[in-house]
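First up is the structure itself, then whatever we jot down about it.
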Amino acid sequence: PSVKHIGVDAFNSCSRLTEISLPDSVESLGDGAFAQCLHLEKIRLSAKLFELGPETFSDCDELKEIIVPSGYEQKFKMMVSIELAGLVKS
């Protein structure tokens, strides 16, 4: 079975995470799913993703890139906080 949802606080405070590449099957990320991952620098999101919890990436101070499929930049810029929108690229 494919992963469709990553739950609330699923990876919260996983200090060893530096990069994440979500499979194309992921459609939603729960609130705080990757919050306080203090060393997270890059995440690749799925084109099928349609829901992000409001605090999904809170306190990820080292986050430098949110990679999205080409043509989906605007969609994801509207889904993330204003502070993170500048990190979205394809």
Side-chain angles (χ1 to χ4, degrees):
S2 298
V3 174
K4 290 188 175 192
H5 176 73
I6 296 179
V8 172
D9 295 329
F11 294 95
N12 189 314
S13 300
C14 288
S15 61
R16 292 182 187 238
L17 283 178
T18 58
E19 187 172 327
I20 299 163
S21 185
L22 297 178
D24 289 335
S25 59
V26 174
E27 298 175 351
S28 66
L29 297 176
D31 194 29
F34 296 102
Q36 298 180 16
C37 291
L38 302 178
H39 301 290
L40 182 62
E41 294 181 9
K42 182 193 295 187
I43 185 162
R44 293 181 193 280
L45 300 179
S46 156
K48 291 184 181 177
L49 189 69
F50 68 89
E51 182 180 359
L52 284 176
E55 301 292 323
T56 300
F57 302 112
S58 69
D59 299 320
C60 292
D61 298 335
E62 297 298 316
L63 193 58
K64 295 177 178 76
E65 291 181 293
I66 300 173
I67 309 298
V68 301
S70 182
Y72 287 85
E73 297 90 344
Q74 194 60 37
K75 170 188 170 182
F76 286 104
K77 284 181 180 184
M78 295 176 70
M79 291 174 70
V80 299
S81 67
I82 292 171
E83 296 83 15
L84 296 178
L87 303 179
V88 175
K89 51 186 88 166
S90 59

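- For the pair Leu40 and Glu19, the tightest heavy-atom approach, listed with the atom from each and the gap, is CD1-N, 3.9 Å.
- Within the structure, ring-ring contact (aromatic ring centres under 6.0 Å, His included) pairs that include any residue of residues 60-88 do not occur (at least two apart or interchain).
- Listed by first and then second residue, the ring-ring contact (aromatic ring centres under 6.0 Å, His included) pairs involving residues 3-28 are Phe11-Phe34 (not counting sequence neighbours).
- Judged by distance alone, the side chain of Lys48 and the main-chain N or O of Lys4 form no donor-acceptor pair under 3.5 Å.
- The two residues Pro23 and Ser46 have their closest heavy-atom pair at O-CB, 3.4 Å.
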Pair Val80, Leu87 - check side chain to side chain contact (heavy atoms under 4.5 Å, CB included), show working. CA-CA 10 Å; Val80 299; Leu87 303 179; over 6 Å; no
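- Of all heavy-atom pairs spanning Val3 and Ser25, the tightest one is O-OG, 2.5 Å.
- Across every non-hydrogen atom of Cys60 and Gln36, the tightest pair is SG-N, 4.2 Å.
- Looking only at atom types and distance, the side chain of Thr18 has no donor-acceptor partner in the side chain of Glu41 under 3.5 Å away.
- Note on Val88 and Ile20: same hydrophobic cluster, where clusters join Ile, Leu, Val, Met, Phe, Trp and Tyr whose side-chain heavy atoms are under 4.5 Å apart, directly or indirectly.
- Residue Val26 is grouped with residue Met79 when hydrophobic side chains (ILVMFWY) are merged at heavy-atom distances under 4.5 angstrom, including chains of intermediate members.
- Atoms CG and OG, on Leu45 and Ser21 in that order, are 9.0 Å from each other to the nearest 0.5 Å.
- Nearest approach of His39 to Ser15, heavy atoms of both residues: CD2-O, 2.9 Å.
- Hydrophobic clustering of Ile, Leu, Val, Met, Phe, Trp and Tyr side chains at less than 4.5 Å, counting indirect connections, unites Leu84 with Leu17.
- Contact between Gly53 and Thr56 at its shortest, heavy atoms only, is O-OG1, 2.6 Å.
- The only option from Asp61, Ile66, Asp59 that meets the side chain to side chain contact (heavy atoms under 4.5 Å, CB included) definition with Leu63 turns out to be Ile66.
- Residue Ile67 holds its CD1 atom at 8.0 Å from OG of Ser90, rounded to the nearest 0.5 Å.
- Annotation: salt bridge (Lys or Arg N to Asp or Glu O under 4.0 Å) contacts of Glu51 (sequence neighbours excluded): none.
- Taking OG of Ser58 as the reference point, atom CG of Asn12 lies at 7.0 Å (rounded to 0.5 Å).
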